[in-house]
Amino acid sequence: MLEIKNLHAEVDGKSILKGIDLNINKGEVHAIMGPNGSGKSTLANVLAGRDDYDITEGSVSFDGKDISELEPEERAGEGIFLAFQYPVEIPGVTNTTFLKEALNAQRKYRGEEELGGMEFVKLIRSKTKELGIKDDMLKRAVNVGFSGGEKKRNDILQMAVLNPKLAVLDETDSGLDIDALKIVAEGVNKLRAENNAILVITHYQRLLNYIVPDKVHVLAHGKIQRTGGKELALELEEKGYAGYSGEAA
Amino acid sequence: MVTLSSDKEAFIAQYDQSKDHLPGSDIAWLAELRAKNIALFEEVGLPTGKTELWKFTNLNPLKKQAFSPPSLEETIFANSNELPRLLEEGSSHRLVFIDGHYSADLSDDKLPSGVSLQSLSSVISAGAIGLEASIVPRERQEEQPLVALNTALMSDGYVLNISKDVSVDRPIEILHFGGGKAEQSYHNRNVISVASGSKVTIIENVTDRNDNVYFSNSVTEVSVGENATLHHYRVQASNKAAFLVSSTEAVVNKGASYDSFLLNTGARLSRTETNVSLIAENSSCHLNGAYMGTDDQHCDITTRVDHKSPHTTCDEVIKGVLGGKARGVFQGKIIVHELAQKTVGNQSHRAMLLSERAEVDVKPELEIFADDVICSHGCTSGQIDKEQLFYLRSRGLSTDQAQALLVNAFLAEAVDAVQNEGLKDLLLVRISDWLEQNPN
């Protein structure tokens, strides 16, 4: 589904990713772990198409299509979703309005019919119920006045409604206490399916206790240094990233 | 009719030419008032950038046009359904002005009891009884040459009186429909008097039927009696060739409230000036508004609030969005006089610039002569937040869609101040329509 080959990228002219190779298949959950400054968040932002993150070499293809030149909204339409490390507050725009506009924009991109009011309400109700989110959250402005945990849950709700093929969770665990972490992880697990894939980016192993990955990659100095099963995360938890910090980029 | 270019001399010539035909030319005090005012106008001239109050708004584009007085010919509208309305039919009392002239035929004839409405021309032709007290010279009249020009040339307008303790059931919607002929100028004079204990909503709809250039220079004198409330809303959506200058002066009595809102999307150049005097305890005013500009539009909102008595309150929230080469101006003066202890005055102006060539100039001024007051002002301007834009785009919205959503939310917050739900909904629609037509 996602095929990254020899990916080099820079931010503001500074080289951050220095040759990443990564393949993720349908139904798989991959985790990328690494020390601060290793390029984890850069990878997430490059995949989502943020401005100022430039691919200088290599390729990113998604379902066989080169996405490196696509706009962020086109990537969303293709089925890529980024759960933000810090979800953004949008004053004056309710969650419902936002979700409806986003969903219909994606459907339009894919040549699908846009959802009418009733159909949309039905869909959104089923998702809030599934995730145990109160309906009054829908009437609130996007992330405004939300606690850290609420913001992350809101991102998961968006993910549930938009139903992406690939969800990239960028340090979703940062700023969450253990209870909030569990709730968010539960939400993610409910969305795991044969047809979609999840890429979890995290510094710490603890999130992976709840979202159990099929594969774990260690990212350092802009390159994937090692790949293993879920046990690799436990090893990192025990030994830290010390073994990777000395390696040449 | 001879048309003239519109520098100072042209307006004076227009006065000289028409003074014997202007309404009330046979009424001594009125003729004298006009003569005094044209003399004042002659002395001061059209405002220029050298005048502090007109520092950011340049009337030179006006001078390039040649304006003639409005013609008195019959209107071409067979019935009022052809005319735009803001509120749905039946939910307002509507008055119609076509090219500056009051049209009795096109206006609703039944007004509720306690509401008296006459056109200025009919008041004058009936001897101008009671009018003298309503158009007394303003304080600082030498700073307001366009008010003097209006006084010299005024030919129509409305005189609205609400009797004591009347709650007017429906808003009074006043349509100012311009542009009938190119290069006309209208100098309308309006008087609104709300007697004690009354409540009324007035909605002025300033628009037109084509792209003709015209110059509207209107003056409105407002008095709000004890414990009365006036909601005074103004929607200016005229074409992008028009010049709209208006000056409203409101005197607010004990326990009374003057609540105004302006939505401005129109005009090549607009200057909307509102001066409020809070003259007795517990009087208050709200001067809110939202404006949008594009291309080379110029939108100036100038306000002055005089707190002349203790325990007076004013709130002012104005938001603007500018694209193209548009320019916004906000000047807000709050003066707390020595007597006016326990005054509360809050003012904020926020502008969002959608293009690099758009510009906004602001001049907030607080002059405080009392020591026990709470006053604040804040002015900000900036671009659309990039993080917000990326967040929305990462969920599938195009840049235009995301921008429209953000700008809409930004302006909607200002519209929230409007108390009439029907009008509020309509203003929100106007905002989204504008954004659709002007993605910038």
Side-chain angles (χ1 to χ4, degrees), chain A residues 44-53 70-110 112 114 141-144 151 154-155 157-159 161-164 167-168 170, chain B residues 263 288-292 317-321 348 350-352 354 356 378 380-418 424-425 427-436 439:
Chain A
N45 283 307
V46 166
L47 290 176
R50 190 191 278 265
D51 283 352
D52 309 327
Y53 286 71
L70 296 186
E71 297 294 331
E73 58 270 30
E74 293 171 323
R75 298 180 196 214
E78 294 291 337
I80 296 176
F81 178 93
L82 172 65
F84 281 55
Q85 184 174 1
Y86 302 107
V88 180
E89 298 187 7
I90 316 278
V93 178
T94 65
N95 265 321
T96 305
T97 304
F98 172 43
L99 284 168
K100 191 172 177 208
E101 287 220 20
L103 180 64
N104 279 335
Q106 290 198 13
R107 292 181 69 96
K108 200 172 161 189
Y109 176 84
R110 294 192 288 264
E112 297 163 11
E114 294 182 31
V142 180
N143 295 327
V144 177
K151 283 181 182 172
N154 206 22
D155 256 20
L157 172 65
Q158 290 167 22
M159 182 175 145
V161 171
L162 299 172
N163 193 23
V168 180
D170 183 15
Chain B
L263 182 78
N288 300 315
Y291 63 89
M292 294 95 96
V317 177
I318 290 166
K319 288 189 161 191
V321 170
S348 100
R350 290 174 66 196
M352 200 183 257
L354 302 182
E356 284 178 5
T380 62
S381 66
Q383 281 88 31
I384 283 199
D385 187 289
K386 278 190 176 171
E387 284 297 306
Q388 293 180 338
L389 202 59
F390 176 64
Y391 192 64
L392 296 177
R393 290 179 72 198
S394 77
R395 299 298 181 251
L397 273 66
S398 68
T399 305
D400 283 353
Q401 256 182 314
Q403 187 162 294
L405 198 64
L406 293 172
V407 174
N408 224 324
F410 173 76
L411 292 172
E413 202 182 62
V415 173
D416 221 31
V418 173
K424 193 192 281 184
D425 291 346
L427 297 183
L428 293 172
V429 171
R430 287 282 173 100
I431 289 169
S432 15
D433 286 353
W434 185 87
L435 288 166
E436 245 170 58

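Everything numeric in this text was worked out from a predicted model, so none of it was measured. Every chain is numbered from 1 and lettered A, B, ... according to where its sequence line falls, protein lines coming before strand lines.
- Interface check for chain B: of the options A:P91, A:A141, A:P72, the most heavy-atom pairs under 4.5 Å are formed by A:P72.
- Neither the backbone nor the side chain of B:E413 comes within contact range of chain A; no heavy atom of the residue lies under 4.5 Å from a heavy atom of that chain.
- Across every non-hydrogen atom of A:E89 and B:Q388, the tightest pair is O-NE2, 3.0 Å.
- In terms of modelled atom types and a separation under 3.5 Å, the side chain of A:R75 and the main chain of B:G396 share no donor-acceptor contact.
- At a 4.5 Å heavy-atom cutoff, the contact between B:L392 and chain A is made by backbone and side-chain atoms alike.
- If you measure heavy-atom distances from A:I90 to chain B, the contacts under 4.5 Å come from both the backbone and the side chain.
- Between B:Y391 and A:F84, the ring planes are perpendicular. Angles over 60° get that label, and only those under 30° would be called parallel.
- In this structure, CZ in B:R395 is found 4.5 Å from CD in A:Q158, a value given to the nearest 0.5 Å.
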### Message
If you apply the rule side-chain contact (heavy atoms from CB on, under 4.5 Å), what do you find for B:K386 with A:V88, and how did you get there?
### Response
CA-CA 10 Å; B:K386 278 190 176 171; A:V88 180; over 6 Å; no
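- Interface remark: A:P164 contributes no atoms to any contact with chain B (heavy atom separation under 4.5 Å).
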### Task
Kindly indicate, with the supporting measurements, whether the criterion side-chain contact (heavy atoms from CB on, under 4.5 Å) is fulfilled by B:R393 and A:R50.
CA-CA 9 Å; B:R393 290 179 72 198; A:R50 190 191 278 265; over 6 Å; no
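- The minimum heavy-atom distance linking A:G49 with B:F390 is given by the pair C-CE1, 4.1 Å.
- Across all non-hydrogen atoms, the minimal contact from B:A409 to A:V93 is CB-CG2, 3.6 Å.
- Proximity to chain B (any heavy atom under 4.5 Å) is restricted, for A:N143, to the side chain, taken from C-beta onward.
- Residue A:E73 comes nearest to B:T399 through the heavy atom pair OE2-N, 3.7 Å, listed as atom of the first residue, atom of the second, then distance.
- Annotation for B:S394 and A:A76: closest pair O-CB, 3.4 Å, computed over non-hydrogen atoms.
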